There are 2 protein chains.
Amino acid sequence: MQRRLAACLTMTMTILSSSAKSNQRRQTVLEAAVSCFARKGLYGTTTHEIAERAGISQPYVYRLFPDKPSLFASSVEFVSDLMATTLAEKLSEAAASVNSPENLQAAAHSAYTDFVVESDVMRFLMQANCATDEPIVANAVRACYAKQVMVVSEHIRSDEAVRQWFGDGMLENVVASLGLADINEPWARTLSGGLTRS
Amino acid sequence: MQRRLAACLTMTMTILSSSAKSNQRRQTVLEAAVSCFARKGLYGTTTHEIAERAGISQPYVYRLFPDKPSLFASSVEFVSDLMATTLAEKLSEAAASVNSPENLQAAAHSAYTDFVVESDVMRFLMQANCATDEPIVANAVRACYAKQVMVVSEHIRSDEAVRQWFGDGMLENVVASLGLADINEPWARTLSGGLTRS
DNA sequence: CTAGTTATTGATTGATCACTAACTACAGAT
DNA sequence: ATCTGTAGTTAGTGATCAATCAATAACTAG
């Protein structure tokens with residue numbers, strides 16, 4: 001956190017305060033940013049929308065973050081940390097209550113699902129994958145994957161299984177964001193994995 | 001094609017010509033649009049960029065398509081058709097030259113990879129998944145998945161295997177768009193599946 | 001040759017948006 | 001009381017962009 005801040009300072013020469021209160025504000029802005037970016041991505045979201053949701057004026061966003069791509073990248077770091085800790089926790093729980101490897105993988109899958117579905121995190125991560133034309137975002141996304149792979153690999157040892165875990169998650173993201181669980185057609189049932197929303 | 005055109009007419013009351021020449025132009029614009037949208041998505045791409053790449057003036061885009069979201073949705077239909085035919089072809093080839101089900105799945109996987117990697121199609125599809133806040137885009141994306149699932153299910157009978165095929169493809173998309181094959185760190189190797197670019 | 005249609009463009013506009021500048025309010029510290 | 005720094009605002013600017021319009025060029029049919 002402090003490291004990134006310092007980097008911003010040297011890069012942009014913008015003076016960003018780092019008091020306790022401003023860091024707290026930064027966090028509320030990041031939460032708002034994740035929700036807004038989740039819907040329309042980096043370019044489709046206005047800083048005004050984010051400010052409004054965070055309950056501050058739009059220009060004040062620029063006192064807290066140097067520019068929009070940096071705000072987006074910081075949002076990626078934010079959910080990256082959140083996801084890593086949540087995942088580590090859930091995976092440890094799952095590992096404790098389950099012994100066979102297949103069951104662990106199933107538990108790992110539901111660990112992701114519980115965290116990500118019905119929140120903005122999922123859609124935001126999809127948006128992040130798409131905003132990698134902006135180099136600062138690409139780096140944040142790579143770092144995010146690095147962290148998640150390290151957490152998951154801690155519990156699922158086979159590379160192949162880890163890869164499948166990520167692939168499953170990505171498919172699930174798409175299925176959820178398209179609302180396929182509510183579509184009663186063969187192709188939708190196939191992609192949903194037979195599960196229908198109650 | 002004609003159906004969609006009629007829909008546009010009734011929806012927007014814009015008169016869109018449908019002569020041979022204008023349909024050909026439309027296709028040129030769609031190819032350009034896929035390339036441009038692939039990089040910065042629906043909101044990050046300007047109609048001017050697309051027009052420039054297609055070799056026409058920006059206002060003329062609006063004689064061929066009613067508005068930007070419609071152009072994006074038409075682009076989705078365009079790659080949907082392209083992908084479906086290419087995929088059907090490659091899968092038939094693979095099915096002819098291979099007999100065991102596991103080998104078929106491997107062949108199916110490389111069918112997708114060959115088509116999608118190193119072209120703009122992959123990134124464009126990721127962008128399409130993210131632009132579903134726009135209802136017209138969401139419908140086009142759903143129709144695209146319906147079509148691809150139907151094509152793939154023709155050759156891979158198990159729903160679970162089809163799902164895995166899509167999951168694999170999505171992970172591969174991300175790996176390719178982040179250039180992980182060129183990163184020599186454990187997490188990147190894990191996600192890349194051990195493959196390095198030569 | 002003429003009348004009508006289609007293809008295509010340059011110029012413009014109204015709105016939006018990222019970002020800046022300049023100000024206010026208030027909290028200690030001296 | 002005054003200085004100083006921090007939190008936050010209102011007001012403003014320049015640039016950009018989707019979408020429109022009016023006009024022209026290039027066909028096509030009789």
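In the text below, chain A, chain B and the rest are named by the order of the sequence lines, each starting its count at 1. Note that this is a predicted model, so its numbers are computed, not measured.
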| said: Just to verify, what does K40(A) make a salt bridge (Lys or Arg N to Asp or Glu O under 4.0 Å) with, not counting sequence neighbours? | reply: none
| Can you tell if the side chain of S80(B) reaches within under 4.5 Å of the side chain of Q148(B), non-hydrogen atoms only? | yes
Return a table of donor-acceptor pairs under 3.5 angstrom between the side chains of residues 164-171 of chain A and protein atoms on other chains or two or more places apart.
{"residue": "W165(A)", "atom": "NE1", "partner": "A108(A)", "partner atom": "O", "Å": "3.2"}

| task | Tell whether Q58(A) reaches the base of dC17(C) with its side chain through a donor-acceptor pair below 3.5 angstrom. | result | no
| So among V79(A), L87(A), N173(A), which one has a side chain to side chain contact (heavy atoms under 4.5 Å, CB included) with V116(A)? | N173(A)
Show me the protein contacts with nucleotides 27-29 of chain C, counting only N or O atoms at under 3.5 Å.
none

| said: Measure CG/L64(A) against P/dA18(C) and give the value in whole Å, please. | reply: 16 Å
| query | Bend angle of the helix from dC1(C)-dG30(D) to dT30(C)-dA1(D) from five-pair axes at both ends, rounded to 10°? | reply | 0°
| request: Apply salt bridge (Lys or Arg N to Asp or Glu O under 4.0 Å) to K147(A) and list each qualifying residue two or more places apart in sequence or on a separate chain. | output: D81(A)
| request: Please state how far atom CD1 in I56(A) lies from atom P in dT9(D), giving the value in whole angstrom units. | output: 7 Å
| said: Tell me every residue that passes side chain to side chain donor-acceptor pair (under 3.5 Å) with E160(A), counting only those two or more places apart in sequence or in another chain. | reply: R163(A)
| task | Check the distance between dC17(C)'s P and Y62(A)'s OH and give it to me in whole angstrom. | result | 11 Å
| said: Nearest whole Å is fine: how far is dA7(D) P from R26(A) CZ? | reply: 9 Å
| note | F65(A) CZ to dG8(D) C1', in whole Å, measures 16 Å
| Going by number, which of residues 43-51 of chain A have a non-hydrogen atom under 4.0 Å from DNA chain D? | none
| task | Tell me, please, which residues at least two apart from F124(B) pass ring-ring contact (aromatic ring centres under 6.0 Å, His included). | result | F72(B)
| request: Take the protein atom CZ of F72(A) and the nucleotide atom C1' of dA18(C), then report the distance between them rounded to whole Å. | output: 17 Å
| query | Is the closest side-chain heavy-atom distance between V174(A) and M126(A) below 4.5 Å? | reply | yes
| task | Please report, rounded to the nearest Å, how far the C1' atom of dA18(D) is from the CZ atom of F37(B). | result | 12 Å
Under 3.5 Å, side-chain donor or acceptor atoms of residues 28-36 of chain B against the rest of the protein: list the pairs with distances, not counting sequence neighbours.
{"residue": "T28(B)", "atom": "OG1", "partner": "Q24(B)", "partner atom": "O", "Å": "3.1"}
{"residue": "S35(B)", "atom": "OG", "partner": "R53(B)", "partner atom": "NH1", "Å": "3.3"}
{"residue": "S35(B)", "atom": "OG", "partner": "D120(B)", "partner atom": "OD2", "Å": "2.8"}

| task | Would you indicate whether the side-chain heavy atoms of L42(B) and Y43(A) approach each other to under 4.5 Å? | result | no
Pairwise N/O distances under 3.5 Å, protein to nucleotides 5-7 of chain C:
{"residue": "dA7(C)", "atom": "OP1", "partner": "S19(B)", "partner atom": "OG", "Å": "2.5"}
{"residue": "dA7(C)", "atom": "OP2", "partner": "S17(B)", "partner atom": "OG", "Å": "3.0"}

| message | Measuring only between side-chain heavy atoms, which start at C-beta, is L64(A) closer than 4.5 Å to L71(A)? | response | no
| Do any pairs count as a ring pair (Phe, Tyr, Trp, His ring centres under 6.0 Å) and have a residue in residues 138-162 of chain A, sequence neighbours left out, and if so which ones? | none
| said: Quick test of your reading: applying salt bridge (charged side-chain N to carboxylate O under 4.0 Å, His left out), list the pairs with at least one residue in residues 87-100 of chain A, sequence neighbours left out, ordered by first then second residue. | reply: K90(A)-D114(A)
